[in-house]
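Just so it is clear, the structure is predicted and the values come from calculations on it, not from any experiment.
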Amino acid sequence: MCMTNFRYHNITHDDMRNGTGLRVVLWVAGCAHHCRGCHNPQTWDPNGGLDFTPWEESELFEWLSKPWTEGVTFSGGDPLHPANRDGIGELAAKVKQLYPEKNIWVYTGYHMEVQDGHFLFFNRKRESFNLPWLQLVDILVDGRFDAKIREKNIAANALPHWRGSSNQRLIDVQASLAAGEIVERSDL
């Protein structure tokens, strides 16, 4: 039974643009970053979109069960927005329980850092939080989208893969947790 309590805008499947392989992508509502040039500003309002109900959960898991689906991507909006954290964490736990072979990607505008041996997420005001379900994530794309950096990336014909702007990082969460420091991926 679905116990999650958040809102969403869309579920896409057979997606090839938001992580490796064919994926199912959940686009959540709620983002406090409001990046200039965001490609989904309609998802900023945490009260926008629709309630994520057992029906949507069933749809997401139906597509995730397909043998060709490599994993799930949580995007938005921001899956780590306060309105989404608990529900997405619960959903990520169900994914790993039902489909341990599938990977989980999370896109967030928060910046992950290690402080005193703890992985914390920061906003622009340097307010931080920890993510109790971080160990469920395989790849984290962190950092605010920066339209000016994107323009420079385009001018240099150096568009970053899996990211909107090159200041955003592809973090191998499992390797980071094992090493106790941020481990970026450049080979994806």
Side-chain angles (χ1 to χ4, degrees), residues 2-9 18-20 23-35 38 40 43-49 51-52 57 60 64 71-100 102-146 160 162-186 188:
C2 176
M3 299 297 292
T4 57
N5 185 20
F6 61 89
R7 298 181 67 79
Y8 83 106
H9 280 268
N18 294 283
T20 56
R23 314 187 65 72
V24 60
V25 181
L26 176 62
W27 304 90
V28 298
C31 184
H33 306 295
H34 301 178
C35 303
C38 174
N40 284 330
T43 65
W44 292 354
D45 181 359
N47 297 311
D51 286 327
F52 189 82
E57 182 176 279
L60 185 130
L64 197 56
V72 63
T73 298
F74 298 119
S75 192
D78 193 327
L80 302 188
H81 183 278
N84 299 324
R85 285 181 209 150
D86 292 342
I88 295 299
E90 181 182 318
L91 199 54
K94 288 180 185 179
V95 169
K96 288 298 184 180
Q97 178 184 13
L98 295 172
Y99 301 102
K102 306 287 182 169
N103 61 52
I104 296 176
W105 283 50
V106 174
Y107 280 78
T108 182
Y110 292 98
H111 183 78
M112 188 168 82
E113 296 178 23
V114 181
Q115 288 192 352
D116 299 323
H118 300 284
F119 288 86
L120 298 173
F121 290 82
F122 290 86
N123 63 15
R124 284 189 296 182
K125 296 178 183 177
R126 297 294 298 160
E127 299 165 329
S128 67
F129 63 91
N130 71 339
L131 193 63
W133 50 272
L134 182 63
Q135 76 281 0
L136 301 173
V137 178
D138 295 291
I139 300 293
L140 178 83
V141 181
D142 84 331
R144 292 171 43 86
F145 169 74
D146 190 310
W162 307 124
R163 300 165 287 157
S165 55
S166 61
N167 61 298
Q168 296 171 303
R169 303 177 298 175
L170 288 171
I171 298 173
D172 184 324
V173 174
Q174 299 306 308
S176 297
L177 292 172
E181 62 185 19
I182 304 293
V183 176
E184 292 186 56
R185 295 286 300 265
S186 60
L188 295 176

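Listed by chain and residue number, His81 satisfy the side-chain contact (heavy atoms from CB on, under 4.5 Å) test with Ala32 (two or more places apart in sequence, or in another chain). In this view, Arg7 and Asp51 satisfy the salt bridge (Lys or Arg N to Asp or Glu O under 4.0 Å) rule, not counting sequence neighbours. Residues meeting the ring pair (Phe, Tyr, Trp, His ring centres under 6.0 Å) test with Trp27, sequence neighbours left out: none. Residues passing the ring pair (Phe, Tyr, Trp, His ring centres under 6.0 Å) test with His34 are Trp44, sequence neighbours excluded. The ring pair (Phe, Tyr, Trp, His ring centres under 6.0 Å) test applied to His33 returns Tyr110, not counting sequence neighbours. Residues meeting the side-chain contact (heavy atoms from CB on, under 4.5 Å) test with Ser165, sequence neighbours left out: Phe145, Asp146, Ile149, Arg150, Asn153, Asn167, Gln168. Shown here are the ring pair (Phe, Tyr, Trp, His ring centres under 6.0 Å) partners of Phe122, two or more places apart in sequence or in another chain: there are none. Legend: residues meeting side-chain contact (heavy atoms from CB on, under 4.5 Å) with Asp45, ordered by chain and number and at least two apart, are Asn47. Residues passing the side-chain hydrogen bond (donor to acceptor under 3.5 Å, both in side chains) test with Tyr8, sequence neighbours excluded: Glu56.
Taking CZ of Phe52 as the start and CD1 of Ile88 as the end, the distance is 7.0 Å to the nearest 0.5 Å. Rounding to the nearest 0.5 Å gives a distance of 9.0 Å between CD1 of Ile171 and CZ of Phe119. Note that the NE2 atom of His111 and the CD1 atom of Ile182 stand 7.0 Å from one another [nearest 0.5 Å]. Here the straight-line distance linking atom CG of Asp78 with atom OH of Tyr107 works out to 12.5 Å at 0.5 Å rounding. One finds the OG1 atom of Thr20 at 6.0 Å from the CH2 atom of Trp162 (value rounded to the nearest 0.5 Å). For the atom pair CG of Leu91 and CZ of Phe6, the computed distance is 5.5 Å after rounding to the nearest 0.5 Å.
One N or O on the side chain of Asn40 and one on the backbone of Gly76 form a donor-acceptor pair closer than 3.5 Å. A donor-acceptor contact shorter than 3.5 Å links the side chain of Thr73 to the backbone of Asn18.
Here salt bridge (Lys or Arg N to Asp or Glu O under 4.0 Å) pairs that include residues 109-122, with residues two or more places apart or in two chains, are Glu113-Arg126. Legend: salt bridge (Lys or Arg N to Asp or Glu O under 4.0 Å) pairs involving residues 170-181, not counting sequence neighbours, sorted by first then second residue: Asp172-Arg185.
Side-chain contact annotation: Asn103 with Arg23, donor-acceptor N/O pair under 3.5 Å present.
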Please list every donor-acceptor pair under 3.5 Å in which a side-chain atom of residues 131-143 meets a protein atom from a residue at least two apart or in another chain.
residue	atom	partner	partner atom	Å
Trp133	NE1	Arg85	O	3.1
Asp138	OD2	Lys96	NZ	2.8
Asp138	OD2	Ile104	N	2.8
Asp142	OD1	Arg169	NE	3.0
Asp142	OD2	Met112	N	2.8
Asp142	OD2	Arg169	NE	3.4
Asp142	OD2	Arg169	NH2	2.6

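Considering every non-hydrogen atom in both Val114 and Gly180, the closest pair reads CG1-O, 3.6 Å. Considering all non-hydrogen atoms of both residues, Lys102 and Gly71 come closest at CB-CA, 4.1 Å. Residues Trp105 and Leu170 approach most closely at CZ3-CD2, 4.0 Å, considering heavy atoms. Closest non-hydrogen pair, Ala29 versus Gly48, comes out as CB-O, 3.6 Å.
You'll find the side chain of Val72 stays beyond 4.5 Å of the side chain of Tyr99, heavy atoms only. No side-chain heavy atom of Leu64 sits less than 4.5 Å from a side-chain heavy atom of Leu98.
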